[in-house]
Every structure is written in C-alpha cells, then in structure tokens.
**Q** 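Dropping a structure here in structure tokens format, bear with me for questions.
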Amino acid sequence: MFQEMIVVEGKDDTVAIKRALGADTIETGGSAIGEDVLRRIELAQERRGVIIFTDPDAPGERIRKIVAERVPEAKHAFLTKDEARSARGLGVEHASDEAIRRAIDRVRGPESGADELQEIEWSDLLDAGLIVHASSARRRERMGELLGIGYANGKQFHKRCLMFRITREEFAAALEQLGREGL
C-alpha cells in the first residue's frame, strides 16, 4: 500500500492515480476548497503524510498554494505541461501512468536538500537569466523540470528553491544542463 495520501483536484485525477499507483487520494473539488477538505488533508498529513499533486496550470498552482499554506510539511509532486498534455486537455488525468510514477519518484518536500544549506539568492536567479531576461520564462520552466519543483513565476520560483531547499550544487548542475541544451 502506498504510504502517503495524494491530494488531487478531482475524480478523473483519482482514477489516474489509482491506475498508476494504487494510492489513496483526497479530492479538493477544484480551487474552491472547503474547510472540511482542508481538515481532512491536515488529518491525512498527521496520520500518513500528504503529497500535493495538482495540474500544471494556474488553478492547480492556486490549489497547491492553499493546501501548502495550511499543511506546510506536505510533499509536492509535479508534472511538466508536456507530461500532462493530451489531445483531450491538460492535467494529471491526461498524464501517462509512467509520467505519474516519475513525478512521484521525484517528489520533493520542505525537508529535502542538504543539512548545511547555502540558500539560492534572488541575485542567483538574475545571474542565471531566470528573471529579467528575454527567455526567462522558458528557462524557469526547464529549470523547474530539472530541479523537480515545477514551473513558477520568478518570485514563486525563488520561494520554491528556498522551500524545497535546493542546494547550490543542484542549482549549478541544472543551470549547466540548461547551457548544454542551448537555453
């Protein structure tokens, strides 16, 4: 049995998670998350642990933020937009079983990272061309994929680097890969 409960947006996501992982889920019912759902997520975190696994779009990010504020110790799984896209739409329910399993294998939590952390600074993002750069959005998207923290705007990307305790070594390795890819 899968240990953590996985927080998803809806019924179709639950079907995809059960098919790929056989895991239990908690459905938020979309971005209008009720207090009762948040209480169930808190209880699940206390008893089994929680992984937030929402769609890689604006409503999914809004749900992730609401749940993470309420349950800051929750872990996070991310799909890239390419992994979550099919001819029928964009979302966890459209991802392949393999993509879902890969996202769970790359799960990150606030405790991830080195004990002796050298935090990523705002100036590191600027120097890396992840903000205030002609292709900063595309560069952040790819860096988020490489680091396993998903796509975010500049401010949220920095916050995720801190929250997920991305090390300078991880950051440098991902940046080097970005260079090899010509981004």
**Q** For Pro56 and Leu79, which heavy atoms make the closest approach, and how far apart are they?
**A** CB-O, 3.4 Å

**Q** Using the side-chain contact (heavy atoms from CB on, under 4.5 Å) rule, pick out the option among Glu4, Glu73, Gln45, Arg40 that qualifies with Val50.
**A** Gln45

**Q** So how far is it from Asp124 CG to Cys161 SG, rounded to the nearest 0.5 Å?
**A** 9.0 Å

**Q** Do Phe78 and Phe171 belong to the same hydrophobic cluster, where Ile, Leu, Val, Met, Phe, Trp and Tyr are linked whenever their side-chain heavy atoms lie under 4.5 Å apart, directly or via other members?
**A** yes

**Q** Surrounding CZ of Arg47 (heavy atoms of other residues, nucleotides or ligands, distance under 6.0 Å), is the total greater than 12?
**A** no

**Q** State the CZ-CG distance between Arg138 and Leu183, to the nearest 0.5 angstrom.
**A** 5.5 Å

**Q** Between Arg62 and Glu9, is the salt bridge (charged side-chain N to carboxylate O under 4.0 Å, His left out) condition met? List the steps.
**A** CA-CA 11 Å; Arg62 181 177 183 279; Glu9 294 179 47; over 6 Å; no

**Q** Would a hydrophobic clustering, with Ile, Leu, Val, Met, Phe, Trp and Tyr connected at side-chain separations under 4.5 Å, put Phe164 with Tyr151?
**A** no

**Q** So, do Val7 and Val71 sit near enough that their side-chain heavy atoms are less than 4.5 Å apart?
**A** no

**Q** Is Leu43 linked to Ile26 within one hydrophobic cluster, defined over Ile, Leu, Val, Met, Phe, Trp and Tyr using a side-chain heavy-atom separation of less than 4.5 Å?
**A** no

**Q** Please identify which of these residues, Asp13, Val92, Thr14, Val15, meets the side-chain contact (heavy atoms from CB on, under 4.5 Å) condition with Thr25.
**A** Thr14

**Q** Could you tell me whether the side chain of Gln3 reaches within less than 4.5 Å of the side chain of Arg48, counting heavy atoms only?
**A** yes

**Q** For the residue pair Ile51 and Met5, establish whether any side-chain heavy-atom pair is separated by less than 4.5 Å.
**A** no

**Q** Does the pair Val107 and Phe53 meet the rule for a side chain to side chain contact (heavy atoms under 4.5 Å, CB included), with working shown?
**A** CA-CA 9 Å; Val107 75; Phe53 197 10; over 6 Å; no

**Q** Is any side-chain heavy atom of Ile66 less than 4.5 Å from a side-chain heavy atom of Leu38?
**A** yes

**Q** In sequence, state the C-alpha distance, the side-chain angles, and the governing distance for Val8 and Glu93, and then conclude on side chain to side chain contact (heavy atoms under 4.5 Å, CB included).
**A** CA-CA 10 Å; Val8 296; Glu93 73 271 22; over 6 Å; no

**Q** Mind checking whether Glu98 and Arg102 have side chains closer than 4.5 Å, heavy atoms only?
**A** yes

**Q** Stepwise, does the side chain to side chain contact (heavy atoms under 4.5 Å, CB included) test hold for Ile131 with Arg140?
**A** CA-CA 8 Å; Ile131 54 174; Arg140 274 193 317 277; 4.3 Å; yes

**Q** Checking Arg139 against Phe157: charged group under 6.0 Å from the ring centre and within 45 degrees of the axis?
**A** no

**Q** May I ask you to test the Arg165-Glu170 pair for a side-chain heavy-atom distance under 4.5 Å?
**A** no

**Q** Determine the minimum heavy-atom distance between Ile100 and Ala20, stating which atoms define it.
**A** CG2-CB, 3.8 Å

**Q** Do His158 side-chain atoms and Ile120 backbone N/O form a donor-acceptor pair below 3.5 Å?
**A** yes

**Q** What closest approach, in Å, do Ile6 and Ala23 show between heavy atoms, and which atom pair accounts for it?
**A** CD1-CB, 3.9 Å

**Q** Taking the side chain as everything from C-beta on, heavy atoms only, tell me whether Arg70 gets closer than 4.5 Å to Ile41.
**A** no

**Q** Transitively linked via ILVMFWY side-chain contacts under 4.5 Å: Leu162 with Ile52?
**A** no

**Q** Side-chain heavy atoms under 4.5 angstrom apart, residues restricted to Ile, Leu, Val, Met, Phe, Trp, Tyr: same cluster for Leu147 and Leu126?
**A** yes

**Q** Looking at every non-hydrogen atom in both residues, tell me the closest pair between Leu146 and Ala174 and how far apart they are.
**A** CD1-O, 3.5 Å

**Q** Would you call Glu141 and Lys81 a salt bridge, taking side-chain N to carboxylate O under 4.0 Å as the test?
**A** no

**Q** Taking atom OG1 of Thr167 and atom CD of Glu169, what is their separation to the nearest 0.5 Å?
**A** 4.5 Å

**Q** To the closest 0.5 Å, what do you measure between CG (Asn153) and NZ (Lys159)?
**A** 10.5 Å

**Q** Does Lys18, at its NZ atom, have more than 12 non-hydrogen atoms belonging to other residues, nucleotides or ligands within less than 6.0 Å?
**A** yes

**Q** Atom CD in Gln156, atom CD1 in Ile149: separation rounded to 0.5 Å?
**A** 10.5 Å

**Q** Heavy atoms, side chains only, cut-off 4.5 Å: are Arg39 and Glu42 in contact?
**A** yes

**Q** State, to 0.1 Å, how close Arg101 and Leu21 come at their nearest heavy-atom pair, and which atoms those are.
**A** CG-CD2, 3.6 Å

**Q** Under the side chain to side chain contact (heavy atoms under 4.5 Å, CB included) rule, what do Glu119 and Ile166 come out as? Steps first, then yes or no, please.
**A** CA-CA 7 Å; Glu119 292 185 343; Ile166 300 299; over 6 Å; no

**Q** Can you tell me how far CZ of Arg64 sits from OG1 of Thr28, rounded to the nearest 0.5 angstrom?
**A** 11.5 Å

**Q** How close do Asp57 and Leu90 get, heavy atom to heavy atom, and via which atoms?
**A** CB-CD2, 4.1 Å

